[in-house]
Amino acid sequence: MDFNKKLTNWYSNNKRDLPWRNTKNPYYIWLSEIILQQTQVKQGLPYYEAFVKTYPTIFDLANATEQEVLKLWQGLGYYSRARNLHTTAKHIAFNLDGEFPNNYKDLLKLKGVGDYTASAIASIAFNEVAAVVDGNVYRVLSRYFGIDTPINSTSGIKEFKKLASSLIDREQPATFNQAIMEFGARQCKPKNPDCAICPLQDGCVALQKGLVETLPVKLKKTKVTNKYFNFLVCVDQNKNIVLEKRTGKGIWQNLYQFPLVESKRSLKTNEFHLLNVEEELFKGLKFDYWLYNESDIIHKLSHQHLYTKFWIVEINELPKGSIPVKNLDLYPTPVLISDFINTFNFNNI
DNA sequence: AATTCGGGGAA
DNA sequence: TTCCCAGAATT
């Protein structure tokens with residue numbers, strides 16, 4: 001039995017029953033693929049269910065506001081995916097008359113859709129022979145064929161795409177693509193794969209040469225920078241609170257947070273004045289403040305470690321941009337902020 | 001070609 | 001801890 005036959009046979013016996021596998025609707029396929037970018041099935045599944053329920057058609061998604069879409073996306077991370085999702089939904093609904101692009105070339109033009117996602121939608125929804133190369137495919141192919149070209153190098157990306165394209169079953173591209181990804185996720189796992197029960201052990205170069213643990217090869221890791229965040233939780237006696245929208249570049253674009261002042265180091269309880277907010281933000285208004293957490297709350301992102309303090313500022317007259325505390329749940333916020341909101345007892349104010 | 005986008009799962 | 005996840009866009 002050859003590679004394809006063993007792979008698809010394994011798939012038919014081991015595939016998970018996932019909701020996006022029970023449809024050919026390109027809208028649902030697209031939605032699932034965007035959600036699953038750099039995201040494990042277990043984490044993305046509840047979000048997929050919520051989006052399908054809230055936005056049954058692409059027109060429902062197109063007619064939503066970005067704030068609503070981001071709110072439903074809250075907690076999933078990589079928020080440009082949600083912004084691009086909404087942009088593309090509007091484009092398809094209003095410019096393309098709701099007609100979903102039905103081939104790799106046109107799918108690739110959509111915002112938020114790159115080589116992997118265009119291939120996935122084209123093959124799964126439209127049966128086009130387009131090979132997917134995701135993290136799972138890199139791992140399976142690098143091990144089985146014993147390829148040590150770094151998977152995140154330009155040459156590696158081309159080499160694996162070419163290899164996958166030469167292997168894909170031209171009769172069943174949808175099944176082959178999903179099979180090799182599922183195989184990588186469940187059998188040919190990153191750590192401690194059970195090669196003893198692997199149906200592909202016969203031809204696996206990495207297994208013969210003892211390279212299973214060293215493949216695939218990936219170029220270096222990114223450096224992490226530390227940042228020191230001071231959030232100003234400004235509330236008045238009527239339970240109104242100041243919320244601001246993050247604009248510009250960087251993390252959490254278009255999400256909401258409490259007014260933020262960065263410092264060059266972690267501040268102590270008696271160093272509030274170093275934030276220089278008396279004159280700028282509060283313009284001489286009278287206020288009291290206290291520190292919610294003496295030890296930093298450390299929020300870890302891929303490239304940043306955020307050492308965070310929440311300063312509770314009780315003030316009579318709020319600066320611009322205040323909302324009732326009870327309306328906080330209407331606004332999309334980073335996990336760092338939503339965790340605070342869910343923990344802090346505003347009744348103490 | 002390298003960096004920048006989150007957050008959580010799994011060992 | 002560390003690595004990884006059904007990657008894409010930007011620099």
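Every chain is numbered from 1 and lettered A, B, ... according to where its sequence line falls, protein lines coming before strand lines. The shown structure was predicted, so the numbers you read here are calculated from the model rather than taken from an experiment.
- Ring centers of Phe340(A) and Phe258(A): under 6.0 Å apart, within the cut-off.
- A donor-acceptor pair shorter than 3.5 Å can be found between the side chains of Asp134(A) and Asn136(A).
- Taking atom P on both dA8(C) and dG9(B), the two are 23 Å apart, rounded to the nearest angstrom.
- The residue among Leu336(A) and Lys223(A) whose nearest nucleotide of DNA chain B is located toward the 5' end is Lys223(A).
- Annotation: the span from Ser266(A) atom OG to Lys309(A) atom NZ amounts to 3.0 Å, rounded to 0.5 Å.
- As rounded to whole Å, 15 Å separates atom C1' of dC3(C) from atom CG of Leu215(A).
- A close approach under 4.0 Å does occur between a side-chain nitrogen or oxygen of Trp252(A) and OP1 or OP2 of dG7(B).
- A straight line from CZ of Arg83(A) to C1' of dG6(B) spans 12 Å, rounded to a whole angstrom.
- Atom CZ in Arg16(A) sits 11.0 Å away from atom CD in Gln178(A) (nearest 0.5 Å).
- The aromatic rings of Tyr27(A) and Trp30(A) lie tilted to each other, with the angle between the two planes from 30° to 60°.
- Between the base of dG6(B) and the side chain of Thr39(A) there is a donor-acceptor pair shorter than 3.5 Å.
- Residue Tyr292(A) forms a ring-ring contact (aromatic ring centres under 6.0 Å, His included) with just one option from Trp311(A), Phe344(A), Phe231(A), and that option is Phe344(A).
- In this structure, Tyr79(A) atom OH and dC5(B) atom P are separated by 14 Å, rounded to whole Å.
- Judged by distance alone, the side chains of Trp290(A) and Glu314(A) do bring a donor and an acceptor atom under 3.5 Å apart.
- When the C1' atom of dG8(B) is taken as reference, atom CG of Leu301(A) falls 12 Å away, rounded to whole Å.
- Nucleic acid contact class of Gly75(A) (heavy atoms, under 4.0 Å, all strands): sugar-phosphate only.
- Rounded to whole angstrom, the span from the CG atom of Leu36(A) across to the C1' atom of dC4(C) amounts to 15 Å.
- With no hydrogens or angles considered, a side-chain donor-acceptor pair links Thr57(A) and Asp60(A) at under 3.5 Å.
- In this pair, Phe176(A) and Phe3(A) present their aromatic rings tilted. The plane angle is within the 30 to 60° band.
- Judged by distance alone, with hydrogens and angles left aside, Gln43(A) brings a side-chain donor or acceptor within reach of the base of dG7(B), the pair sitting under 3.5 Å.
- Using modelled atom types, one finds no donor on one side chain facing an acceptor on the other under 3.5 Å when comparing Thr54(A) with Lys71(A).
- Checking the phosphate oxygens (OP1, OP2) of dG7(B), a side-chain nitrogen or oxygen of His299(A) falls inside 4.0 Å.
- Look at CD on Gln74(A): it is 11 Å from P on dG8(B), rounded to the nearest Å.
- No engagement by Ile34(A) is indicated, since no non-hydrogen atom pair under 4.0 Å with the nucleic acid exists.
- Nucleotide dT4(B) holds its C1' atom 11 Å from the NZ atom of Lys227(A), rounded to whole Å.
- In the model, Tyr116(A) has a side-chain atom that pairs as donor or acceptor with a side-chain atom of Glu33(A) under 3.5 Å.
- Across all strands, Trp73(A) comes closer than 4.0 Å to no nucleic acid atom at all (heavy-atom distances).
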Give every pair of a protein N or O atom and an N or O atom of nucleotides 8-11 of chain C that lie under 3.5 Å apart, one pair per line with the distance.
unit_1	atom_1	unit_2	atom_2	d
dA8(C)	OP1	Gly114(A)	N	2.8
dA8(C)	OP1	Gly114(A)	O	3.4
dA8(C)	OP1	Thr117(A)	N	3.0
dA8(C)	OP1	Thr117(A)	OG1	2.7
dA8(C)	OP2	Tyr116(A)	N	3.3
dA9(C)	OP1	Gly112(A)	N	2.4
dT11(C)	OP1	Lys249(A)	NZ	2.3

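- Using a 4.0 Å heavy-atom criterion, one finds that Val132(A) contacts no nucleic acid atom at all.
- At the phosphate of dT1(C), OP1 or OP2 sits under 4.0 Å from a side-chain N or O atom of Lys300(A).
- Distance from the side chain of Lys218(A) is smallest for dC4(C) among the nucleotides dC4(C), dA6(C), dA10(B).
- Considering only side-chain atoms of Trp20(A), the nucleotide from dA6(C), dT1(C), dT2(C) that sits closest is dA6(C).
- Contact check of residues 139-161 of chain A against DNA chain C (heavy atom, cut-off under 4.0 Å) returns Arg139(A).
- Each of dG6(B), dG7(C), dA11(B) was ranked by its minimum atom distance to the side chain of Asp134(A); first place goes to dG7(C).
- Comparing the same atom, P, in dA11(B) and in dA6(C) gives a spacing of 14 Å after rounding to whole Å.
- Contacts of Gly250(A) with the nucleic acid, taken as non-hydrogen atoms under 4.0 Å apart, involve only primed sugar atoms and P, OP1 or OP2.
- For the OP1/OP2 pair of dC5(C) and a distance below 4.0 Å, the side-chain nitrogens and oxygens of Tyr78(A) include no atom meeting the criterion.
- dC5(B) atom C1' lies 16 Å from atom CG of Leu85(A), rounded to whole Å.
- The shortest distance between the side-chain N/O atoms of Lys189(A) and the OP1/OP2 oxygens of dC5(C) is not below 4.0 Å.
- Across the interface with DNA chain B, nearest-nucleotide mapping of Gln304(A) and Leu219(A) shows Leu219(A) to be the residue nearer the 5′ end.
- Between Tyr289(A) and Phe272(A), the ring-plane angle classifies as parallel under the 30° and 60° cut-offs.
- Here the nucleotide nearest the side chain of Asn136(A), chosen from dC5(B), dA6(C), dG8(B), is dA6(C).
- Base engagement by Arg21(A) is indicated by at least one non-hydrogen atom pair under 4.0 Å involving a base atom.
- Across all strands, Lys220(A) comes closer than 4.0 Å only to sugar-phosphate atoms, never to a base (heavy-atom distances).
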